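Read through the structure below, which is laid out as structure tokens, and then see the notes.
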Amino acid sequence: MSLPAGFLDDLRTRISLSQVVGRKVTWDMRKSNMAKGDWWAPCPFHQEKSASFHVDDRKGFYYCFGCHAKGDVLTFIKETENTGFMEAVEILAREAGVPMPARDPQAVEKHDHRTRLVQVMEEAVKWFRLQLKTGAAAEARAYIAKRGLSEAAVERWEIGFAPDGWHGLFTAMTQKGITPDLLVAAGLCVESDDPKRRPYDRFRNRIIFPIRDARGRAISLGGRAMLASDPAKYLNGPETALFDKGRNLYNHGPAREAAGKGAPLIVAEGYMDVIALSEAGFRATVAPLGTAVTEDQLRLMWRISDEPVIALDGDTAGIRAALRVVDLALPLLEAGKGLRFAILPNGLDPDDLIKQQGVSAMQKVLDAAQPMVSLLWRRETEGKTFDSPERKAALDKTLRAALQRIADPSIRGHYGEEIKRLRWELFGHGPRGGTTRPPRAPWQPGQRFKPFQPVAPMQSTRLSLLASTSGPVNDTLREAVILAACIRHPSLIARFDTALERLDFVGDGHDTLRSLILYHQDAPDLLAVLMAEAPLPTEAVLLHPHVRITAALGPDATPLAAEHCLAEALARLQADRAHRLEISDAEDDLTGVADEGLTWRVTRATEAIRSAARGPQDAKGESVIAPNGVELDRDELARARSLHDSIDFSRGGRGGKQ
């Protein structure tokens with residue numbers, strides 16, 4: 001089966017290599033750099049303990065420095081799933097949510113046609129570049145020089161000129177043996193309404209900017225009119241078999257390479273903005289091709305950089321364009337994938353700003369780029385008055401509707417928190433709705449009661465978990481119990497591996513330790529492996545005071561007791577986090593009118609956390625009636641008795657019976 005042209009490129013655009021590889025390996029987070037798409041892991045193709053398998057997300061290739069395995073996403077699927085090429089394509093298409101194309105016996109012919117179009121485009125680029133050096137292009141050269149572009153820059157960007165004639169390009173190309181139908185199919189010429197007349201040139205009296213895809217192939221042209229009276233100042237080539245303006249970016253390939261070296265990705269408005277920024281040192285700059293930013297272009301940007309900076313003019317049109325991008329991006333947001341907006345001074349584009357105030361002024365604008373939530377808030381509040389409950393309620397309703405468009409619950413929660421903060425600042429209220437309490441007056445001699453004097457914390461207090469943890473204390477404590485149980489009793493890991501993989505660990509070093517435990521769970525001596533690869537997190541967990549006083553994790557505790565302890569810690573940790581998330585969402589909704597659905601959600605979340613705290617005694621299994629008339633679950637009773645019998649109650653006893 002032959003695939004349509006561009007189908008594989010579309011697949012690679014929709015799903016990253018690290019997503020596919022990540023299902024087969026455990027990433028070494030100490031060595032990996034997610035922000036740069038740089039991933040390391042033990043190789044899935046040969047046995048090793050060190051992370052010598054490298055994935056470059058931006059380039060879409062992997063390489064193992066141990067066994068020298070290399071390839072792209074399709075090669076990886078073929079090797080790991082032991083499939084052929086077409087089966088690998090089908091697997092990748094399913095993961096990307098793209099239907100496989102119907103079998104097309106003419107696909108090979110289409111591919112050859114596409115190749116010929118690329119060759120035609122390259123010939124046209126050469127011809128336009130030659131025309132820029134002729135006498136007819138004197139005015140164009142003067143304009144380019146006025147814009148501050150050197151001859152070296154003109155060569156780098158392959159800028160050319162289309163003479164003011166109807167058949168200049170057509171004649172030159174046909175003399176080289178290129179057929180008229182290929183010129184029309186490439187978008188270089190236009191069919192005449194009169195079938196007796198030959199096609200005429202699409203670009204006339206324009207400065208030409210070649211448009212290349214991510215692989216560097218010429219796929220279309222952009223032209224800047226020389227006459228102010230021309231109805232279209234900028235003209236792009238039409239949609240062709242090579243060119244889809246909504247799925248390509250100007251300067252895509254060079255910008256991707258520069259971003260891979262650490263440069264921030266900047267999204268400008270047009271060709272000259274991209275050229276001016278790149279020549280000023282901002283190499284990772286791209287632009288949409290004559291249209292507003294599309295969803296496909298946004299995904300392309302995120303493949304290049306996790307947080308592109310949208311550089312827009314500070315006028316009304318620029319702000320409207322920024323807000324359209326915000327509305328487009330909200331449903332697509334993922335953890336680590338965002339946008340920032342650099343608003344230029346009113347009336348200046350990047351080229352003007354750099355010429356008038358220098359590169360440092362442009363860098364200052366980029367450094368002051370605002371997050372998306374700031375523009376969202378600005379749109380809903382700028383120039384408006386909220387002097388009545390009804391207007392405040394309308395604002396809440398509008399913002400709540402915008403936040404509901406964010407699919408990721410974690411991002412939606414953080415947006416809600418920031419909106420609350422901005423709302424409190426606007427309305428002058430504190431977090432609980434009241435006005436901010438004025439500061440207490442300083443104590444004066446003669447007062448009856450001596451005011452409270454703060455005392456500096458002790459050194460032990462500053463170093464305690466209560467002072468050092470960045471998240472809820474209970475979460476960190478339970479994570480330590482979970483990890484210690486797995487280390488003390490590796491046989492339990494296989495049973496709870498799914499829950500461990502899905503759990504987000506927030507404690508210092510806990511996530512690294514979890515990854516190592518899952519990766520080395522079959523090791524003969526798991527503790528020795530962990531002490532060799534992550535000694536500090538391992539010691540911190542095993543010597544944690546909360547772990548040391550947990551009887552079920554003592555050196556003499558039975559595996560059954562450890563299993564009960566691990567299951568309870570997982571259940572309570574998951575229930576606590578779900579409860580906090582539900583309460584946070586409910587608080588957002590309470591800015592309006594609470595309904596029965598909100599009450600039901602909070603009730604269910606509370607029941608879940610209480611159930612996890614009580615344990616499994618409410619399970620409707622086989623039950624027995626105790627002498628006092630209480631109904632008990634038989635399995636729970638047996639487990640409780642087993643745990644009770646394993647405890648040594650003699651003086652000085654610390655573990656199970658010997």
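FYI, side chains are in, hydrogens and waters are out, and symmetry mates aren't considered; it's all heavy atoms of this structure. All of these numbers come straight from a predicted model, not from anything done at the bench.
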Any carboxylate oxygen within less than 4.0 angstrom of a Lys/Arg side-chain nitrogen, looking at R577 and E479?
yes
Those residues at least two apart in sequence (or on a different chain) that pass side chain to side chain contact (heavy atoms under 4.5 Å, CB included) with D56 are H54, R58, K59
Salt bridge present between R423 and E418 (N-O < 4.0 angstrom)
no
Taking all non-hydrogen atoms of both residues into account, name the closest pair between D408 and L333 and its distance.
CB-O, 4.0 Å
Under 4.0 Å between a Lys/Arg side-chain N and an Asp/Glu carboxylate O for D38 and K36?
no
Could you give all pairs that pass the salt bridge (Lys or Arg N to Asp or Glu O under 4.0 Å) test and reach residues 292-305, with sequence neighbours left out?
R247-D296, E295-R299
Around atom CG of D508, are there more than 12 heavy atoms from other residues, nucleotides or ligands closer than 6.0 Å?
no
So W40 and F53, do their side chains get closer than 4.5 Å, heavy atoms only?
no
Test side-chain contact (heavy atoms from CB on, under 4.5 Å) on Y250 and T285 and set out the steps.
CA-CA 9 Å; Y250 184 63; T285 305; over 6 Å; no
Is there a donor in the side chain of Q363 and an acceptor in the side chain of S360, or the other way round, less than 3.5 Å apart?
no
Can you confirm whether R502 is buried at CZ, in the sense that more than 12 heavy atoms of other residues, nucleotides or ligands lie under 6.0 Å from that atom?
no
Check this for me: does any side-chain nitrogen of one of K355 and D351 sit under 4.0 Å from a carboxylate oxygen of the other?
yes
Can you confirm whether K245 is buried at NZ, in the sense that more than 12 heavy atoms of other residues, nucleotides or ligands lie under 6.0 Å from that atom?
no
